Every structure is written in C-alpha cells, then in structure tokens.
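One structure is given below, encoded as structure tokens.
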Amino acid sequence: SSGINAESQSVLKLYQGLIERLPPSDNRTANLQTEFERRRDTLIRPFVELKIHQIAFTLAEQFKHFTLLVQLCEETNDMARLRSLSAAHVGFAEVSTQCLLLCIWIVAK
C-alpha cells in the first residue's frame with residue numbers, strides 16, 4: 001500500500017501545483033479545482049474502504065479533504081482527532097458541523 005500511497009500523493013501534488021500556478025481569474029482554475037476534488041476522493045477513498053485508516057487520514061489531511069476526514073473520525077470514533085483537526089485547519093470546523101448536521105437530518109427522516 002505504500003507504493004499506491006506514494007502514487008496517490010504524486011498525482012494529488014501535481015494537481016495542487018498546477019492549481020497554485022494558475023491565476024484565480026483563469027477559467028481553467030475552477031475546472032482544474034473540480035477535477036482535483038474528484039480525483040482526490042477517487043485516490044483516497046480506497047484506503048478508507050480497505051480500513052487503512054492511517055494512510056487515509058494522512059492523505060485526507062494533507063490534501064484538505066475535510067468531508068472525508070469527518071467521515072474517518074466518525075468511523076474510527078476518534079472525536080479527539082476531530083477536535084484537533086478543527087483547531088488546526090481553517091474551514092474544517094464549518095465542514096464538520098455541516099456533515100454532522102446532515103447526518104442528524106438523514107437519521108431523523
């Protein structure tokens with residue numbers, strides 16, 4: 001899994017580098033960001049499904065896949081990590097709250 005992890009990391013870093021080099025006003029930036037987010041999920045989710053949580057946590061945090069991080073914290077019942085991520089990353093607490101509220105809404109239906 002370390003080879004796959006390295007490959008996933010390389011692909012995601014390539015996308016990040018391209019996004020950082022393009023000016024925000026460039027039309028390609030939004031398209032590239034959308035593609036990055038799709039690929040990010042595709043490359044990290046298999047580690048979650050295979051229960052290789054440490055790699056999934058590392059990649060999700062490195063590439064700011066906050067929704068998946070919330071899911072991982074819930075799946076592993078790691079609320080201390082959830083609080084730590086909220087303190088460490090701008091925007092994480094908001095995503096976390098939205099995800100948890102969505103879960104409550106779904107359960108209530």
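Predicted model only: the values in this text are computed from it and were never measured.
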What are the two closest non-hydrogen atoms of Ser86 and Ala93, and how far apart are they?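 For Ser86 versus Ala93, the nearest heavy atoms are OG-CA, 3.9 Å.
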
How close do Phe47 and Leu59 get, counting heavy atoms only, and between which atoms?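 What the structure gives for the nearest pair is CE1-CD1, 3.6 Å.
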
Going only through I, L, V, M, F, W and Y residues with side-chain contacts under 4.5 Å, is there a path from Met79 to Leu85?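 The answer is yes; both residues are in one hydrophobic cluster.
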
Roughly how far apart are [X] [atom1] and [Y] [atom2], rounded to 0.5 Å?
X: Leu12; Y: Arg40; atom1: CG; atom2: CZ; value: 8.5 Å
X: Ile52; Y: Asn5; atom1: CD1; atom2: CG; value: 9.0 Å
X: Phe57; Y: Leu68; atom1: CZ; atom2: CG; value: 9.0 Å
X: Asn31; Y: Glu35; atom1: CG; atom2: CD; value: 9.5 Å
X: Ser8; Y: Gln62; atom1: OG; atom2: CD; value: 10.5 Å
X: Thr29; Y: Phe36; atom1: OG1; atom2: CZ; value: 13.5 Å

Do Ser84 side-chain atoms and Ala80 backbone N/O form a donor-acceptor pair below 3.5 Å?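 The answer is no, because no donor-acceptor pair under 3.5 Å joins these two groups.
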
Would you find a donor on one side and an acceptor on the other, under 3.5 Å apart, between the side chain of Ser96 and the backbone of Val70?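 Not a single qualifying donor-acceptor pair exists.
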
So His65 and Glu37, side-chain hydrogen bond (donor to acceptor under 3.5 Å, both in side chains) or not? Walk me through it. CA-CA 8 Å; His65 194 334; Glu37 289 170 8; over 6 Å; no

For the side chain to side chain contact (heavy atoms under 4.5 Å, CB included) test, which of Val48, Leu82, Asp78, Thr67 pairs with Leu72?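 That would be Val48.
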
Sequence-distant partners of Phe92, ring pair (Phe, Tyr, Trp, His ring centres under 6.0 Å), two or more places apart: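 With sequence neighbours excluded, Phe92 shows a ring pair (Phe, Tyr, Trp, His ring centres under 6.0 Å) to Phe66, given in chain and number order.
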
In chain order, what residues pass the ring pair (Phe, Tyr, Trp, His ring centres under 6.0 Å) check against His53, with sequence neighbours excluded?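 If we apply the ring pair (Phe, Tyr, Trp, His ring centres under 6.0 Å) test to His53, skipping adjacent residues, there are no hits.
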
Atom CD of Glu75: over 12 foreign heavy atoms under 6.0 Å: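 Enclosed.
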
Under the 6.0 Å and 45° cation-pi test, does Arg39 pair with Tyr15?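 The answer is no; the distance or angle limit is not met.
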
Apply the test side-chain hydrogen bond (donor to acceptor under 3.5 Å, both in side chains) to residues Glu20 and Gln16: give CA-CA distance (whole Å), side-chain angles for both, the deciding distance (0.1 Å), then the verdict. CA-CA 6 Å; Glu20 289 169 2; Gln16 268 188 334; 5.2 Å; no

